[in-house]
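Note that the structure is a prediction, hence the values are computed from the model and not measured. Proteins come first, then strands; the chains are lettered A, B, ... in the order of their sequence lines, and each starts at number 1.
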Amino acid sequence: MSTSANFFEKVYQVARQIPYGKVTTYGAIAKAIGAAKSARMVGYAMNGAGEREDVPAHRVVNRKGVLTGKHHFSGTNLMQQLLESEGVQVKDNQIQNFQEVLWEPEILSE
DNA sequence: CCAATGACTACAA
DNA sequence: GTTGTAGCCATTG
């Protein structure tokens, strides 16, 4: 495997730590895994995480609290429904009480 | 190896 | 506040 394998693993590891009814941002995860400048890669990793039920990709949004990656889910509003099902208010693909439901992961250390 | 892509973010106008 | 440009870096062709 490649070095990037660890990168994905770290992303999944942090994503799994997201508590119920909470959300986080790509930048927060990227920073937590020690790759704050690789926020894009976090979203990219989420692509493969969609198959993993252990990784709630629907709880990961961009820094504005917008469901930018909803198109990657099965349906067009599946991501929003999942969030609303957890008590997260979403409107027009954007989380309303974003700051209230926002959860920041802890920095991973080796 | 080089070029293009992307579920991002920050800054400038 | 909106729009545009640039930086970022792993993946893919």
Side-chain angles (χ1 to χ4, degrees):
Chain A
M1 304 301 279
S2 311
T3 53
S4 47
N6 192 17
F7 183 92
F8 277 66
E9 292 251 339
K10 287 185 176 181
V11 176
Y12 300 146
Q13 188 173 332
V14 174
R16 264 188 241 107
Q17 296 177 55
I18 305 176
Y20 182 91
K22 292 284 184 176
V23 296
T24 188
T25 67
Y26 302 100
I29 296 177
K31 186 178 181 180
I33 66 179
K37 298 175 180 177
S38 304
R40 293 178 115 158
M41 302 298 93
V42 177
Y44 210 98
M46 288 287 110
N47 242 342
E51 303 179 14
R52 303 185 178 214
E53 298 182 2
D54 296 36
V55 182
H58 62 271
R59 293 184 188 152
V60 184
V61 294
N62 68 351
R63 72 177 187 93
K64 295 179 182 174
V66 181
L67 283 55
T68 50
K70 65 173 294 179
H71 292 273
H72 293 257
F73 284 81
S74 304
T76 51
N77 55 343
L78 175 61
M79 187 175 183
Q80 178 173 334
Q81 288 186 10
L82 286 170
L83 290 171
E84 290 182 328
S85 185
E86 297 188 356
V88 179
Q89 290 185 317
V90 180
K91 182 169 185 177
D92 192 28
N93 302 333
Q94 181 175 329
I95 299 177
Q96 299 304 288
N97 48 353
F98 181 51
Q99 286 295 333
E100 298 180 28
V101 298
L102 177 61
W103 173 86
E104 298 185 45
E106 299 179 9
I107 307 300
L108 257 57
S109 25
E110 301 190 30

Can you give each donor-acceptor pair under 3.5 Å made by side-chain atoms of residues 76-85 of chain A, sequence neighbours left out, with the distance rounded to 0.1 Å?
| residue | atom | partner | partner atom | Å |
| --- | --- | --- | --- | --- |
| Gln80(A) | NE2 | Glu84(A) | OE2 | 3.3 |
| Gln80(A) | NE2 | Val90(A) | O | 3.4 |

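The two residues Gly48(A) and Tyr12(A) have their closest heavy-atom pair at C-OH, 3.7 Å. Considering every non-hydrogen atom in both Phe8(A) and Tyr44(A), the closest pair reads CE2-O, 4.3 Å. The shortest heavy-atom contact between Val11(A) and Met46(A) is CG1-CE, 3.4 Å. In plain terms, the two heavy atoms of Pro105(A) and Val14(A) that are nearest each other are CB-CG1, 3.3 Å. Nearest approach of Gly21(A) to Val88(A), heavy atoms of both residues: O-CG2, 3.6 Å.
Counting heavy atoms of neighbouring residues, nucleotides and ligands inside a 6.0 Å radius, atom CD of Glu104(A) does not exceed 12 of them.
To the nearest 0.5 Å, atoms CD1 (Ile95(A)) and CG (Leu102(A)) are separated by 8.5 Å.
What separates NZ of Lys64(A) from P of dA10(B) is a distance of 10 Å, to the nearest Å. Whole-Å rounding puts the Tyr44(A) OH to dT9(B) P distance at 17 Å. At whole-Å resolution of the value, CZ in Phe7(A) and C1' in dT12(C) are 16 Å apart. Whole-Å rounding puts the His71(A) NE2 to dC8(B) P distance at 11 Å. Atom NZ of Lys37(A) is separated from atom C1' of dA6(C) by 14 Å (rounded to the nearest Å). Residue Phe8(A) contributes atom CZ, which lies 10 Å from atom P of dA10(C) at whole-angstrom precision.
Counting any heavy atom pair closer than 4.0 Å across all strands shown, Ala45(A) reaches no nucleic acid atom.
Set against dA7(B), dC8(B), dC9(C), the side chain of Asn47(A) has dA7(B) as its closest nucleotide. The nucleotide whose nearest atom lies closest to any side-chain atom of Asn62(A) is, among dC9(C), dT12(C), dC8(B), dC8(B).
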Can you name the atoms? Protein N/O to nucleotides 11-13 of chain B N/O, anything below 3.5 Å, with the distance.
none

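For DNA chain B, the neighbouring residues in residues 25-36 of chain A, judged by any heavy atom under 4.0 Å, are Tyr26(A), Gly27(A). Taken residue by residue, residues 76-93 of chain A places no heavy atom nearer than 4.0 Å to DNA chain C.
Looking only at side-chain heavy atoms (C-beta outward), Val66(A) and Phe98(A) stay at 4.5 Å or farther from each other.
Partners of Ser38(A) according to the side chain to side chain contact (heavy atoms under 4.5 Å, CB included) rule, which considers only residues two or more places apart in sequence or in another chain, are Phe7(A), Ala35(A), Met41(A).
Pairs passing the side chain to side chain donor-acceptor pair (under 3.5 Å) check and including a residue from residues 54-71 of chain A, sequence neighbours excluded, read His58(A)-Glu86(A), Arg59(A)-Glu86(A), Lys70(A)-Asn93(A).
The base of dC9(C) has none of its N or O atoms less than 3.5 Å from a complementary donor or acceptor on the side chain of Arg40(A).
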